[in-house]
Amino acid sequence: MNEKPTEDGKENVFLHPNMPTNSVVHQAIIKVQKPEKCPNQSVPGSSSGALASGVSSAEQREPAVMTMEQNTSSLAEGSTSGKTESQSKQDVKSDQSKSNESEKQKRLWTLNNFDIGRLLGRGKFGNVYIAREKETKFVVALKVLFKKQIQDSGVEHQVRREIEIQSHLRHSNILRMYGYFHDDTRIYLILEYAPKGTLFAAQKQQPNNRFEEPTTAVYIKSLASALIYLHEKNVIHRDIKPENLLLGYKGELKIADFGWSVHEMNSMRTTLCGTLDYLPPEMIQGKPHTKTVDLWNLGVLCYELLSGEAPFMADGYTDTYRKIAKLDYKIPPYFSKSATHLISQLLVANPDGRLPLDKVMTHPWILLHTNNP
């Protein structure tokens, strides 16, 4: 339990619902300064044995949903109207007590507030650890990023954008970011802990590295629901793939990585980004792209979960680009006609011709395999 994180990890923080401004996040990444203040939160604790045992879903009790306290430090004017002086004084004392309690909840988060457990994963800019907030015993994933590595790679804006976007998101199929803090050399992101790991790892444990159609349909429907939510908030993810999807306590799907995501208001993007096997035709052709890139990614993911490999996989970059541009992929004989139809409606060269997410949710293949149409 005394292992110190060296790079990036996961965490548990109970932050104020208001997201820090761009300038604040920028200072946290670029400048050396004290950590930002964030209110503490009292949450029912998880099993104290989770950190030492490696945490299995059977051993770990699912934490309760956290709620954010409203600051009650200011008193409403005219609140003593119609009350006796004694009653008014009692009300003031009560309000002051609430205010003091609220102030006590505010603290400067540091690494000392957490018990650090085992390493969950490694990334380019840091590591992810399981951690437990000492006071509440709430288990989180602490992502630890090195400032110098971020600066040397020139991706400060990308990290800042990831924090700004993910901190605002509230959806059951999106990994929650509770907050962040930092010290002289590191940035710590406090994230929801997903004990069942990545969808990629789960797929590798399946026979022939592929999921059955009913399981895949549940995942695709969950992801479509999350993408509808993101697009309503003008967020494009741009990097949907099994490695960026986690599984929660009950095996529910959660989008976890927003490193390539962007917040855009009806504009076109030109950045070539994402993962090679998942790139849409418009990206490899250097054309502007919109949120419809996520629809293409959804089709590629569906194919990969059912077959065990991406539809446009090839020996090299050039061959992969060629296959994507020509929509050169083959449907395995064990795919059902309904699953094949859904994939064909998403892997469409014309971005505007891809099946909308609401239609994905009500596609016959999805309805066939899910309980809640």
Side-chain angles (χ1 to χ4, degrees), residues 1-15 35 38 40-66 107 109-146 149 159 162-163 166-167 169 172-183 185-202 204-205 242-259:
M1 294 294 299
N2 57 1
E3 180 185 3
K4 291 289 184 180
T6 57
E7 299 185 338
D8 80 333
K10 292 190 176 183
E11 24 46 12
N12 163 16
V13 169
F14 322 116
L15 276 191
C38 53
N40 187 14
Q41 196 71 13
S42 178
V43 180
S46 298
S47 171
S48 60
L51 295 180
S53 65
V55 187
S56 69
S57 58
E59 296 166 341
Q60 177 67 32
R61 185 177 63 177
E62 184 173 7
V65 176
M66 293 187 295
R107 65 166 61 175
W109 290 104
T110 70
L111 197 58
N112 292 330
N113 294 120
F114 299 89
D115 291 322
I116 307 300
R118 65 183 175 88
L119 178 70
L120 295 175
R122 298 183 183 276
K124 182 177 181 180
F125 303 111
N127 299 323
V128 180
Y129 298 83
I130 188 171
R132 182 177 62 199
E133 200 276 323
K134 292 179 178 179
E135 182 177 346
T136 64
K137 309 301 182 185
F138 192 83
V139 176
V140 296
L142 190 65
K143 187 174 185 179
V144 187
L145 305 172
F146 284 124
Q149 292 183 14
V159 176
E162 178 180 4
I163 295 173
Q166 194 170 356
S167 294
L169 304 176
S172 60
N173 298 117
I174 296 176
L175 196 75
R176 179 79 176 271
M177 178 183 287
Y178 299 123
Y180 77 96
F181 60 98
H182 64 99
D183 56 27
T185 59
R186 302 179 183 92
I187 302 168
Y188 304 86
L189 306 182
I190 304 168
L191 302 169
E192 176 184 359
Y193 174 53
K196 294 192 176 181
T198 66
L199 184 63
F200 179 81
K204 295 305 178 183
Q205 298 174 359
E243 294 89 334
N244 289 342
L245 302 171
L246 296 181
L247 300 175
Y249 287 89
K250 299 178 181 179
E252 68 276 23
L253 191 77
K254 293 180 180 290
I255 302 178
D257 192 320
F258 285 81

**OP:** For side-chain contact (heavy atoms from CB on, under 4.5 Å), just list the numbers for Asp115 and Arg132, CA-CA rounded to whole Å, side-chain angles, deciding distance to a tenth of an Å, and then say yes or no.
**Re:** CA-CA 5 Å; Asp115 291 322; Arg132 182 177 62 199; 3.3 Å; yes
Original post:
So which heavy atom on Lys134 is nearest to which on Phe114, and how close?
Top reply: CE-O, 3.6 Å
Original post:
What's the spacing between Lys254 NZ and Asn244 CG if we round to 0.5 Å?
Top reply: 15.5 Å
Subject >> Sub-4.5 Å side-chain heavy-atom contact between Met177 and Leu169 >> reply: no
Subject >> Distance in Å, Ile174 CD1 paired with Leu246 CG, rounded so as to fall on 0.5 Å steps >> reply: 12.5 Å
Subject >> Minimum heavy-atom distance between Gly117 and Tyr129, given as atom pair plus value >> reply: O-CD2, 3.7 Å
**OP:** With side-chain contact (heavy atoms from CB on, under 4.5 Å) as the test, would you mind laying out the steps for Asn173 and Ile255 before giving the verdict?
**Re:** CA-CA 6 Å; Asn173 298 117; Ile255 302 178; 5.9 Å; no
Subject >> Leu245 side chain near Thr198 side chain, heavy-atom distance below 4.5 Å >> reply: no
**OP:** If the plane angle is over 60° it's perpendicular, under 30° parallel, otherwise tilted; pick one for Tyr188 and Phe181.
**Re:** parallel
Original post:
Which heavy atom in Ile163 sits nearest to a heavy atom in Ser167, and how many Å separate them?
Top reply: O-OG, 2.8 Å
Subject >> Beyond-backbone contact of Trp109 with Tyr180, side-chain heavy atoms, under 4.5 angstrom >> reply: no
Original post:
Taking C-beta and beyond as the side chain, do Phe125 and Ile187 meet within less than 4.5 Å on heavy atoms?
Top reply: no
Original post:
Do you know which two heavy atoms are closest between Ala194 and Leu175, and how far apart they sit?
Top reply: CB-CD1, 4.2 Å
Original post:
Where do Glu162 and Asp257 come nearest, in terms of heavy atoms and distance?
Top reply: OE2-OD1, 4.2 Å
Original post:
What pair of heavy atoms forms the shortest contact from Tyr249 to Lys196, and how long is it?
Top reply: O-CE, 3.4 Å
Original post:
Are any of the side-chain heavy atoms of Asp183 and Thr110 separated by less than 4.5 Å?
Top reply: no
